[in-house]
2 protein chains.
Amino acid sequence: MSSARAARGTQGVGPGEERTRPVTSGAVDGAETVAPRGIPDATVARLPVYLRALVNLAERGTRTCSSEDLAGAAGVNSSKLRKDLSYLGSYGTRGVGYDVEYLRYQIAREIGVTQDLAVAIIGIGNLGHALANYAGFSSRGFRIVALLDNDPDRLGEEVGAMRIRGLDELETVVAEEGVSIGVLATPAAAAQAVSDRLVAAGVTSILNFAPTLVSVPAGVDVRKVDLSIELQILAYHEHRKAAGDGSSDVHPSTRTTVGV
Amino acid sequence: MSSARAARGTQGVGPGEERTRPVTSGAVDGAETVAPRGIPDATVARLPVYLRALVNLAERGTRTCSSEDLAGAAGVNSSKLRKDLSYLGSYGTRGVGYDVEYLRYQIAREIGVTQDLAVAIIGIGNLGHALANYAGFSSRGFRIVALLDNDPDRLGEEVGAMRIRGLDELETVVAEEGVSIGVLATPAAAAQAVSDRLVAAGVTSILNFAPTLVSVPAGVDVRKVDLSIELQILAYHEHRKAAGDGSSDVHPSTRTTVGV
DNA sequence: CCCTGTGAAATCCTTCACAGCC
DNA sequence: GGCTGTGAAGGATTTCACAGGG
C-alpha cells in the first residue's frame, strides 16, 4: 500500500478481489492454534447462490436433494458444491443427500442473514428508486431503514412505503437504526464524500453502485457493482467471437468512439 | 429441473466464474501453433477498470503515468497491473511509464469498444428505467438501440430519448439493429423465456439482472448482476466482524427471518 | 538510477477420484 | 448401490524479485 490512498478495505468485483487474509490462525506465537474457521472467498461468494437455489427448491416442495440436484439449480458443478459445503460442516447424509430446509438454515446462519441487517440507500435517483422498490431485499435478510438524498426537490417523496430524507440525517439514521450496510447510488462525484460520512458514522460495509472507486479504512468492506464494466467484459468476449469468423470487424457503423 | 440444462455458457459473477478454456491453442493437430492470444479471465475483468482510470487521468490532464500511479487509480497493486498489461503487449517505456492516451487506446481496442456495440434492454420497470437513463453506456462504447417491455401500459412511454416498444418487436429489433448484447431487467419469471428469444434471434451476450439463473447454449456468454447476493456477501463479512467482539450476536431485533 | 516486463515462487481455487457411511 | 466428504492433483492467479532498457 505505497502510493495512493493509505489503507483500504475490500473492493470486490468479479474475480481478483483484494481480501484480507483467510484468517489462517490467530496466534502469532509458536503454538499452532490452527483456526478451524476461514471459509475461502470464492466459497463465500457462492453461498448466497446456494441459498437462493435452496429456497426455490423448498418453495416447490422439494424436501431433499442430492449435491447434483442442488449444483444444477445453482449453476455450478457438484464437486465444487460439495467442497464448498464441506467448509461449513457435514450437513448432508451419505447415500441420501441434503435436507433442503436444514441446509438452508445452516447456510443462512453461516452468512448471517437469520436476523435482518439494517440497510440505508443513499442517492435516490433512477437507480436508488429501483433498489428501494426491489422486493428481494426485505425477504432476503435485509431491512431498508432509510432513503437519503440531498436534492431538496426529492425530499419527502414517497418511495415504496418510505419517505426520502435529507442527507443531513445520515449520522442520525445510522446511529438510531444501527445501519450496518450503506448502499451508494449517488453520482460518482458524491460517492467518496458520502462513503466517508458513512464510515465515520460507524458503517462497516458498503455496496457501491457509483462508477468510481471509493477508499475506506481497513476493516470496512466495499463491494462494487458497475454496469458499464460488466458490459465491457461481455464486449471483450463478443469481439473475440467476431474475430473468429471472416469479417475483420463488427457491424456497419464505423464510428471511432474510444471515449470510454 | 433436477440436474438442469445441458450446455451452458458463462454465468459470470464475482469470483468463481465458469469460463470456457483460456483458448490455449487453436489447432488440434500435432503442430504446435501456440496461439499468442489468450488473456486470462481475471485480467479481462480488470481491463475495463484500467480503462476507466485512464480516462479519468486523461480528463484531468495527465499525459503520462507510472504503473504505480495507474494501479492506485484503479485500486489494484502495481505488479498485478504490470502483469495484466504484459498480456496485451509492451505499451510502456522502461524508466518512464505509460502514455495515458496511447495505453487507453490500446486497452479500448483490446476490449473491443472502439466501435459501439448495440444493446437492447428488456423489461423497463424501475431498474430498466435506471439502466436506460444511465449516461455511462453511451459514452463507454455502447449504443442503446431499444427498450422493450410487454406491459401495454408502458408502451410508447418515453424514457430518455427512446420510446418503449413491445416485446413482440424483439426479433425485428435484434435483426435490424444488429444487437449483440441483451440486458435482462425483467422479473425472474420471464427471464429464461426472453433469454431464449434473444439467443434464437442471434444475440450472443447477455447481462442478466433478474434474480435467477438463465441457461443458454454454449457460445453465448451470460454475466449476472445480483443485488441481494452482493448484500449477502457483505453480510457474511459483517457478521464475522461482529463475532470478533464480545457480543454473541448483532443488533436489538431478534427476529428470525431465515426466509431468504 | 527509475520503472517496465517477466520468469519463478507462492497462494488460491477447482477438479479428480475414492474412502467411508447410509 | 448411491451419495457425501475430502485428501491429493491440477490449474489459475497473485506476488516476488530481478533482469533489462531508457
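Protein chains get the first letters and strands the later ones, always in sequence-line order, with residue 1 at the start of each.
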Relative orientation of the end axes in the helix from C:dC1-D:dG22 to C:dC22-D:dG1, expressed as an angle to the nearest 10° (five pairs per end):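 Roughly 0° between the end axes, to the nearest 10°.
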Separation of atom [atom1] in [X] from atom [atom2] in [N], rounded to whole Å:
X: A:Y102; N: D:dT4; atom1: OH; atom2: P; value: 15 Å
X: A:K80; N: D:dG5; atom1: NZ; atom2: P; value: 18 Å
X: A:L81; N: D:dT4; atom1: CG; atom2: C1'; value: 10 Å
X: A:L103; N: D:dC3; atom1: CG; atom2: C1'; value: 15 Å

Worksheet item: Can you tell me if the side-chain N/O atoms of A:N77 get under 4.0 Å from OP1 or OP2 in C:dT15?
Response: yes
Give a yes-or-no answer on whether the side chains of [X] and [Y] include a donor-acceptor pair shorter than 3.5 Å.
X: B:T204; Y: A:E238; result: yes
X: A:T64; Y: A:D99; result: no
X: B:S67; Y: B:R82; result: yes

Strictly below 4.0 Å, N to O, side chains only: are A:R52 and B:D226 in salt-bridge contact?
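A salt bridge is present here (some side-chain N lies under 4.0 Å from a carboxylate O).
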Hits for side-chain hydrogen bond (donor to acceptor under 3.5 Å, both in side chains) against A:Y236, two or more places apart or cross-chain, chain-then-number order -> A:R240
Protein-proximity profile, nucleotides 2-8 of chain C, B/S/- by nucleotide at the 4.0 Å heavy-atom cutoff, equals BBBBBBB
Tell me if the centroids of the rings in B:Y91 and B:Y98 come within less than 6.0 Å of each other.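 So the answer is no for these two rings.
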Can you check whether B:F137 and B:Y134 have ring centres sitting under 6.0 Å from each other? yes
Only residue of B:V183, B:L207, B:I206 satisfying side chain to side chain contact (heavy atoms under 4.5 Å, CB included) with A:L234 is B:L207
